Amino acid sequence: MSRKVVLTGFGCVSGLGIGIAETWRNVAQGKGAIRPLRREPPPEHPNRRIDGPAAWVDAEACRAALGAADLRPMGQLDPLSLHALTAGLEAVETAGLRSHASLAHRTAILVGCGSGGNATVDLAFERLYARDMARVHPQTIPASMISAPASHLAMLLGCHGPTFVISSACASSAHALGEAMHMIRSGRVEVALAGGSEACLTLGSWVAWNSVGVMADDTCRPFSRDRKGMVLGEGAAMVVLESEEHARTRGAKILGELAGYGSSSDAAEMTAPDLRGIEAAIRMAHEDAGIAPNESALISTHGTGTRLNDVVEAAALKAVYGSALRDHTVIATKSAHGHLIGATAAMEFVIGMEALARGVAPPVLNHLGPDPECDLPLALQPRPIDHRVLVSNSFAFGGLNAVLVGRIAS
């Protein structure tokens, strides 16, 4: 059995805004969310400083978006779950599935997360190591578990089907969407709520990421000369996927199709990308979708703005598409919303599908000029497009690659 998998609902939250409408309005107009983040340390701990570019979420706006939803049974909520709940509820309501009978037993929930509840863990360690306290909050473990967002979404929506988190660093939510697609294709479920969430703008995470040596001190400049690295963001994006039969039977508005998915492992290094692994994932996604690489497409790149990753991704695109690359349009939306780690693939997929539907490619921001090693057909201004196909790339630390192919109706 292999059934067509369609998309019926999107939801997202990031520094660009709460909800798909605000997100699209800002990204399409070239408005970025990256700005200086400064948190002064207490006098007794002068090294506990956060100072640099980032893109963060308005937590109060998230809670307002959840409205009358009863969150009390969930106990303490880390921002990781708050982001997922906000995006997930929007996606389900957009799809017209809230309180639908299929949610109870024929729906899966797959959430991609790169890490667990960082804020909750930081607070617990603050109490334990800085204040020398003997106990932490009793809900520290359930609130900080990496699986918490999936459980909280199931509680909110009353879902009893397969529910879990996939963690594969920056490819997490691409893997979640792709595996959800296969669950529907095989007939295991009729509906899936899939995407990703991340909340990593905490002191511990900030210091750790800066220690890797891949962070920019100004902004994110994908494929640009003089780029300095990536910029952390936070947020969530969730997608409702359904079998085509299920969606049409209930009269749902179909927003597009998740047509293909390719995944690979470099099996090489933990932080350096591998051309062959990336190329293999892109080719597999095209083959799975039955879409030739020379068919005109919008390519949403991983585009981190790091010196090495951008060069390797550009080389992989040239290897796969050859001379046909000039007929494609390349975007890199991390320049607007930052790197959402486990949530970033789903965010980029949602923005990419919205771009196809609206016929506009959002611009790559902060570009200082071409890098000869990254010579790609970039949209540096909002650009009208007539592509019907989206290729969305995600290439994670550990050599974990995932590529999604979306399509809208002709």
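Index from 1, following the sequence. This one's a predicted model, so the numbers in the text were calculated from it and none came from an experiment.
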Kindly indicate, with the supporting measurements, whether the criterion side chain to side chain contact (heavy atoms under 4.5 Å, CB included) is fulfilled by R98 and L89. CA-CA 8 Å; R98 189 74 191 272; L89 185 60; 3.1 Å; yes
Where at least one partner belongs to residues 278-287, residue pairs that pass side chain to side chain donor-acceptor pair (under 3.5 Å), sequence neighbours excluded: E279-R283, H286-Y321
Check for a donor-acceptor pair, side chain of D122 on one end and backbone N or O of L203 on the other, with a separation under 3.5 Å. yes
Contacts of I20 that satisfy side-chain contact (heavy atoms from CB on, under 4.5 Å) - sequence neighbours left out: C12, E90, V350, E354
Which is it for M230 and K334 under the side chain to side chain contact (heavy atoms under 4.5 Å, CB included) test, yes or no, and what are the steps along the way? CA-CA 8 Å; M230 57 179 272; K334 287 183 182 70; over 6 Å; no
What are the two closest non-hydrogen atoms of A28 and P363, and how far apart are they? O-CD, 4.0 Å
Donor-acceptor pair, N294 side chain versus A324 backbone, under 3.5 Å? no
Should the heavy atoms of other residues, nucleotides or ligands under 6.0 Å from CZ of R276 be counted, would the total exceed 12? no
Taking only residues two or more places apart in sequence, or in another chain, which ones meet A91 in a side-chain contact (heavy atoms from CB on, under 4.5 Å)? L193, M238, V240
What are the two closest heavy atoms between V391 and A297, and how far apart are they? CG2-CB, 4.3 Å
The side-chain contact (heavy atoms from CB on, under 4.5 Å) partners of N47 (sequence neighbours excluded) come to none
Pairs involving residues 138-159, ordered by first then second residue, that meet side chain to side chain donor-acceptor pair (under 3.5 Å) (sequence neighbours left out): S81-H152
Can you tell me if E198 uses its side chain to pair, donor with acceptor, with the backbone of G114 under 3.5 Å? yes
All salt bridge (charged side-chain N to carboxylate O under 4.0 Å, His left out) counterparts of D266, not counting sequence neighbours: none
Looking only at heavy atoms, the pair that brings A65 and T86 closest together is CB-CG2, 3.8 Å
With sequence neighbours left out, the residues meeting side-chain contact (heavy atoms from CB on, under 4.5 Å) with A61 are I18, D58
What residue pairs, at least two apart or across chains, pass side chain to side chain donor-acceptor pair (under 3.5 Å) with a residue in residues 370-384? R227-D371
Pairing donors with acceptors under 3.5 angstrom, does anything connect the side chains of S205 and N118? no
Strictly by ring pair (Phe, Tyr, Trp, His ring centres under 6.0 Å), give each pair with a member in residues 76-104 just once, sequence neighbours left out. H100-H246
Can you check whether I184's main-chain N or O pairs, donor with acceptor, with R3's side chain at less than 3.5 Å? yes
With sequence neighbours left out, which residue pairs that include part of residues 7-24 fulfil the side chain to side chain donor-acceptor pair (under 3.5 Å) condition? T8-E242
Check the surroundings of atom CG in L37: do more than 12 heavy atoms from other residues, nucleotides or ligands lie under 6.0 Å from it? yes
Please confirm whether the backbone N or O of P293 pairs with a side-chain atom of H328, one donor and one acceptor, at under 3.5 Å? yes
Would you please say whether a donor-acceptor pair under 3.5 Å links the side chains of H182 and S186? no
Do M353 and I408 come close enough that some side-chain heavy atom pair is under 4.5 Å? yes
Verify, without hydrogens or angle tests, whether D310 (side chain) and G305 (backbone) share a donor-acceptor contact under 3.5 angstrom. yes
Check against side chain to side chain contact (heavy atoms under 4.5 Å, CB included), L156 and M74: CA-CA 9 Å; L156 177 69; M74 302 177 196; 3.6 Å; yes
Would you list the atom pairs, donor with acceptor, under 3.5 Å between side chains in residues 312-319 and any protein atom, with sequence neighbours excluded?
residue	atom	partner	partner atom	Å
E313	OE1	H302	N	3.3
E313	OE1	G303	N	2.9
E313	OE2	H302	N	2.8
E313	OE2	N393	ND2	3.2

More than 12 heavy atoms of other residues, nucleotides or ligands under 6.0 Å from CZ of R250: is that the case? yes
Side-chain donor-acceptor pair under 3.5 Å between N366 and S335, yes or no? no
Is a donor on one side and an acceptor on the other found under 3.5 Å between the side chain of S392 and the backbone of L404? no
Inspect the contact between E295 and R407 and indicate whether a charged nitrogen and a carboxylate oxygen are less than 4.0 angstrom apart. no
Indicate yes or no for a side-chain donor-acceptor contact from S173 to the backbone of A346 under 3.5 Å, with no hydrogens or angles considered. yes
Would you confirm whether H337, through its side chain, and T333, through its main-chain N or O, come within 3.5 Å as a donor-acceptor pair? yes
For G112, is there any backbone N or O sitting under 3.5 Å from a side-chain donor or acceptor partner on S172? no
Shortest non-hydrogen separation from C200 to G233 and the atoms involved: SG-O, 3.8 Å
Check the pair D217 / K228 against side chain to side chain contact (heavy atoms under 4.5 Å, CB included), numbers first and verdict last. CA-CA 7 Å; D217 62 7; K228 296 182 179 179; 3.3 Å; yes
Side chains of S296 and D327: do they bring a donor and an acceptor to under 3.5 Å? no
Minimum heavy-atom separation for L232 to W209, with atom names? CD1-CD1, 3.8 Å
Evaluate whether atom NE2 of H105 has more than 12 neighbouring non-hydrogen atoms of other residues, nucleotides or ligands under 6.0 angstrom away. no
For E269, the salt bridge (charged side-chain N to carboxylate O under 4.0 Å, His left out) test, sequence neighbours excluded, returns none
Would R49 and W206 count as a cation-pi pair here, with the cationic atom under 6.0 angstrom from the ring centre and within 45° of the axis? no
